[in-house]
Every structure is written in C-alpha cells, then in structure tokens.
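Everything below concerns the one structure shown next.
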Amino acid sequence: MSRFPPELFFSPHKTFGPLGYKIFSSPHKYAQGKGIIQYLGLFLKPLQGDIAVVVCSPSRKNTIGSLIEDSLLKHGAAKQVVFLDFGGECSWEQLENVNKQLEGKVKGKPAFVVAVGGGKAVDLVRALAHQLGVQLAVVPTLASNDAPCAACSVFYKPDGKFDEYVYYPTDPYCVIVDSEVIAKAPKRYLVSGMGDAMSTYYEADACMRAPHGINPVGGRPTDAAVALAKLCRDLLFDYGVQAVKDMEKGEVTEAIEKVIEANTLLSGLGFESGGLAAAHAIHNGLTAHEGSHHYIHGEKVAFSTIVQLCMEQKVEEAKKVAKFFVEVGLPVCLLDLGIQPTDMKGIELVSERSCASGESIHNMPFKVTPHMVRENILLADKIGTSVKSNNQ
Ligand SMILES: [Zn+2]
C-alpha cells in the first residue's frame, strides 16, 4: 500500500524544530456534555456544503448514526450525509480502503469529514481529511486516549505493530464529546484513557526540562501546556477512582465529566503542545512484543509511565502513580501486559525499539540508551509488583 505522496507529508520537526520557537496548538473548538451530539450540526454549520462524510464502524452507525445524520441535516451543515465504514485499524491499507469507498459514493470534495469512534478511527479519518484538503470534526465515542484533539496520527502495521507517526499542519476543526456516549462504553476504555493521560504531565515536564525537547508540533513546550498537563494529572488523582465506580452505573457524574476532560482535552493539549518523552516511546517499543497485543494504548502507556519515572529516579512518584493505577485497574508490571519478567530477549527488543531514531524518548533531559531502558523496565516491574501486592 502506498503512503501519502511526498507533498502531503508534513514534518513539523524539520519545518519548525530548528527555529526553537514555543508553539501551542489546539482544535478550533472543544465541547463536552450530556446529549451534545444532537448539536453537532450547529458546530459544523460554518462549514456548510452539499455533502458531509461520516466515517465510523458499522456498530457505531447503528447506535448513533441517525442522531449524527439528523443533526447535520437539521442544522443545515450538509444536504446529504454519506457514511463510510471504518475497518478497525489506522494503517495505510485501511486508508486505501476508505478512499475506495469514498470514490464509489461521492463525486468531488465533501464539505467536511466527521470521525466517529476511538483513537484509531480518529487517526485514520484525520489522514483522510488531510488527503481531501477538508476540515475534520471529531466525535469520540471513547475517552480511551488523547487522539481527538491532536494534529498527528499513529499508523500501525496490519499486524498491530507500531508503524510511524504522521503529522498534519492543522488540528481538528472541532471536537464534540458526548459524555453520555462515553459513559455507556465499557469501563476499560475510560480507565485506559487515564493511563494515557497520566503520562502527559511527566512527559511534558521532561520535554520542557530538556534544552533540546521539541513537542509534536515542532516547538518548545509553552508553560501553558505544562500547566494543562499538570491539571490533567491532578484531576485524575482527585476524580479517577470515583469515576471508575460511577462507570459501573453507566450514568454521567461529575467525576466522569472531569475524567473525560482530563483524558480528552487536557491530555490532548498537554501532549501536543507540551511534548512526549520516554513513556510514549516505551509504549511504541511494547507494541513490538507479541505478548502486549491484547492490551490497548493507555494500558501500555500506564506501565511505560512508571518506567519513565524510574529512569528519572523519581521512585516515590513512581510508587504513587503505580498505586493509583492499581486502584483504577491499570497495568503496573510486565505480567499485567502479558510479558514474562524473565523474557530478557523480549525486554531487549522493547528497549531497542523504544530508542529508535526519531523517537520521543530522545526528548528526555539526559542521554537514553537501550540498556538504561531495559534496567528501568525491570525496576518499574519490581515497584509495580510490590505496590500491587501491598494493595491487595
Ligand atoms: Zn497516547
């Protein structure tokens, strides 16, 4: 499968990186609340045109497809709504697949594209919108990661292994989060989002402290971004455990609203404008290990965050974070991710992959080697295992 033609590849690190300016990036608008999906068309009215394209999984189309269609038509955002199927992965193969569906259904350019679903769906549709040269609206159905507000996609190979980051010059036009939809999704996704969101502050802080640290939009972190990332962490510590209890009831509560904002808005702005560091690189390394394939993004990022804190010799903070992860049900050790702690070959592979050139691990304020990553994976595993057994 072909990738983008060269003119569609955007490299913020090459374009802005050498300039060393502070850059803060965000969606044009973010809105969150119970039942907000019925107003999607109102948010998109300024982009009005003949055809709106909505990409989602067939099951999502069944549950909220008509709500979305009605809203777009009712508020005059489009005269016709065309649905395309999302095939479950953000890969170059799947991008070709949605393009083929589009060619069969739409002549010319749609007015805008709406991504409905989890992180992989959002990432794929982001690539489609960029290819078409139209604005993107994001309707997350899970608060499982920080993808909705971002200007980059994580591409995977069809076998689920990390492939590459793809960057775009613009963020989504709007991100519309219906908390009722999120609260009805399985608890695992909101919990996983907390793992992803918890890494945000530690990575932004490391990137800020590294004189060479560059965020994913090619700039130095702003103080605003690091402050948002810190607020993200604090909201999780304050409301995370309660939100997990509330998810059992499937009702939208204050704690759930706070965690949705942390997982989606604060984590999104925090990582994009604050910067990534070791945790996300180690996550990418973990995707190379077969054992971790049944675990979702934020679950792998959770353990990787403990590894990063160990690399920084912040053992007390690592224990505090691990305790929180145990309380909400996130992985804190290798066994929790389907990896045997004695599998040195596997751990070696993860460590090597984490330190690949161009990885965000090189945003750490010190030089990182695969050996250092391996030692700290083992230390994090020990800390996580002991925190877990003390908590039971
Ligand atoms: Zn993430």
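Start at 1 and go down the list; that is how both ligands and their atoms are numbered.
Looking only at its N/O/S atoms, His280 has NE2 as the one nearest to the Zn ion (ligand 1). In terms of distance to the Zn ion (ligand 1), the nearest N, O or S atom of Asp196 is named OD1.
Taking the six-membered ring for Trp and the full ring otherwise, the centers of Tyr21 and Phe16 sit at least 6.0 Å from each other. Taking the six-membered ring where the residue is Trp, the centroids of Phe10 and Tyr167 are separated by 6.0 Å or more.
In this structure, Asp246 does not pair ionically with Lys258, as no charged nitrogen and carboxylate oxygen lie closer than 4.0 Å.
Not one N/O/S atom of His283, from backbone or side chain, sits under 2.8 Å from the Zn ion (ligand 1).
Ile23 and Leu269 are members of different hydrophobic clusters when ILVMFWY side chains are connected at heavy-atom separations under 4.5 Å.
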